[in-house]
Amino acid sequence: MRKGAIVGISDTTSFELIQIISQDFNTSLNLHEVLGKVLQRMVNTTKAVQASLFLLDREGVTTHHFLVRPNQPPESFSDTGQLLHPDGVAVWVYKNQQGVLVADTETDQRWTRFADAGPNIRSVISVPLPYRERVNGVLLLYHDQANFFTKRHLTLATSIAGQAAVSIENARLFTHIKGEQESLVALSQGVPLPIIVIVEGKIVFYNKAAERDLMIKRTGVPLAHIEGGVDLETALTELQETNQHSLDVTWPDGRIFHVSMNEVQPYGTVLSLDDVTYLKKLSEMKSQFVETVSHDLKNPLSMIKGFARMLHYENLSDQGRINLEHIAQSVDHMEALVNNLLDLAQIEAGMGGATEHCNLVDITKGVLEDYVLRFEKKGLQLHSDLPTSVPRVSANPVRLREVVVNLVSNAIKYTPENGEIFVTIKQTDTEVLFKVTDTGRGIPPASHPQLFEKFYRVPITDASQWVEGTGLGLSIVKAIVEEYGGRVWVESELGVGSTFGCTFPIV
Ligand code: ADP
């Protein structure tokens, strides 16, 4: 009998082993379990006295070491951080990316010491686990008998190592993706706002806040079946049809959610719901308060104004006339304030007046004509770029005029003498765009977020900058524009100038 024939491995045995091992790799993603099993099969088939597998990271450091001996359960050591023995055969295999057969460790001169083999080992096979031009592991088979392993063993081990390399990379990829998925789920679970993901009308994901606030109990349920789901579906359809991303939805129990929708391809529709009930209540209370106070102020103000006018005809001293002038000015200011407050309360209450198809160009021309004297008085140059015709805007003409008046009069107020003002109207596919640009004092970036808030005025650093105003003009502009489905914004640089723009949907 030829040396090694007792344990010689036939083509059939090799083929069967490769098939079985390939099944092992395909049936489980638990890498540790599979590799242990594969090594055990190799030990049993080849009759090796030991099989070792070192998994290596990109730097060649051992991340796992599997060890199998006949009739013993596989042992595995994780994160050893160990380097392969520098003089060992495994390092040679790792560096040269090719397998090697050591027929007899005592006569083979290539490695002075078989440090990674142990004293009784006489025959060794070592093969790399190659993956995309690098080696992600080294497999070793040992025997205590010299000349035990043959080239056939080497071929078999090389083939199995190839399969193992691919499986290891797949498992690494899988663990990585799973880890990312788990952290994403953990993140969305931790978000305090309810989040729901919808696919084909059914809930496929919800977070803890959604479970707590919307009483969602399980996935797979049609959105319409949860409480408030029908309203939510109607809102979604509206958002899709109007190409918008968010709107307020009133829940059956009276809560108001600000719902934001995002289509995340290919996963589904992601909804986040922000409970804004208290904000709405607060805003309602504020509007009611403002309305009541304004009405109650309007009457006494008219009286003061009337009496002041009568005093005008009295025989007053020079100082008396100056004082009367101050009273008249202050009353005018208070009247403007009260009128603005009333306007705002009405617009916010949805009582902005009947809408019609308005011509924004004509309205703007009218306002600019009214302001000719004010432009001249400050030596301001007006550049207007108004098209001959633009599509109509659905709005109340008085309110629309208010928008133009507020933006143009602000530009005049906040631009020093001899400055320039540009008024532009443009049309896009879906909107009419109105813009007023000035070369005025500009607005510091820190003030931009609050500009459209009621009563907000940009703080001034020196008294000479003081300009009469109520801090309500821009909030009125915003309320009107939004009432008609448009947007309003500001771009401004301190000391350079400002542009206020707004859009209105085309009828
Ligand atoms: P008001 O002008 O009555 O104070 P607004 O609501 O119209 O109130 O404007 C709010 C604030 O925004 C103003 O007080 C001013 O500080 C700033 N502002 C508005 N328009 C301009 C502009 N064109 N240039 C510089 N600052 C502006």
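All ligand and atom numbering here is 1-based and tracks the order in the structure.
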Discussion item. Heavy atoms only, cut-off 4.0 Å: how does Ile443 contact ligand 1, side chain, backbone, both, or neither?
Written reply: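 Answer for Ile443: side chain.
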Worksheet item: Applying a 4.0 Å heavy-atom criterion (strictly less than), which segment of Asp438 is in contact with ligand 1: side chain, backbone, both, or neither?
Response: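 It is the side chain that gets close, since no backbone atom is under 4.0 Å.
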Any nitrogen or oxygen of [X] lying under 3.5 Å from a nitrogen or oxygen in ligand 1? Just yes or no.
X	result
Gly469	no
Phe500	no
Gly442	no
Val458	yes

Worksheet item: Are Arg487 and Glu431 within salt-bridge range, i.e. N to O under 4.0 Å?
Response: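 Salt bridge present between Arg487 and Glu431.
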Discussion item. Between the side chains of Glu402 and Arg399, is the shortest nitrogen-to-carboxylate-oxygen separation below 4.0 Å, so that they form an ion pair?
Written reply: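 Result for this pair is yes, salt bridge flagged.
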Nearest-neighbour protein heavy atom for [atom], which is reported as residue plus atom name and distance:
atom	value
atom 5 (P) of ligand 1	Leu474 N, 3.5 Å
atom 10 (C) of ligand 1	Tyr456 O, 3.3 Å
atom 7 (O) of ligand 1	Asn410 ND2, 2.8 Å
atom 21 (C) of ligand 1	Tyr414 CD1, 3.5 Å
atom 12 (O) of ligand 1	Leu451 CD2, 3.2 Å

Item to complete: Measure from atom 4 (O) of ligand 1 to every heavy atom in Glu468, Arg457, Gln465 and give the option owning the shortest one.
Response: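 Among Glu468, Arg457, Gln465, the closest heavy atom to atom 4 (O) of ligand 1 comes from Arg457.
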Worksheet item: Relative to the ring of Phe77, is the ring of His65 parallel (under 30°), tilted (30 to 60°) or perpendicular (over 60°)?
Response: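 Taking Phe77 first and then His65, their aromatic rings sit tilted (interplane angle of 30° to 60°).
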Worksheet entry | Geometric class of the Phe66/His64 ring pair [parallel <30°, tilted 30-60°, perpendicular >60°] |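 Aromatic pair His64/Phe66 classed parallel.
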Answer whether the closest heavy-atom distance between the side chains of [X] and [Y] falls below 4.5 Å.
X	Y	answer
Ile425	Pro387	yes
Val138	Leu56	yes
Phe205	Val185	yes

Item to complete: Indicate whether any N or O donor in one side chain lies under 3.5 Å from an N or O acceptor in the other, for Ser498 and Ser492.
Response: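 Ser498 vs Ser492: donor-acceptor pair found between side chains.
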Worksheet item: Between Ile304 and Val331, what is the shortest heavy-atom contact and its length?
Response: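 In terms of heavy atoms, the two residues are closest at CG2-CG2, 3.6 Å.
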Can you list the atoms of ligand 1 that are under 4.0 Å from a heavy atom of [X]?
X	value
Thr470	1 (P), 3 (O), 4 (O)
Leu472	6 (O), 8 (O)
Lys413	1 (P), 2 (O), 3 (O)

Worksheet item: Would Gly471 count as a contact of ligand 1 if the rule is a heavy atom under 4.0 Å away?
Response: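 Judged by the 4.0 Å heavy-atom criterion, Gly471 does count as contacting ligand 1.
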Worksheet item: Among all residues two or more places apart in sequence or in another chain, which pass the salt bridge (Lys or Arg N to Asp or Glu O under 4.0 Å) test with Asp253?
Response: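 Once residues adjacent in sequence are excluded, the partners of Asp253 under the salt bridge (Lys or Arg N to Asp or Glu O under 4.0 Å) criterion are Arg255.
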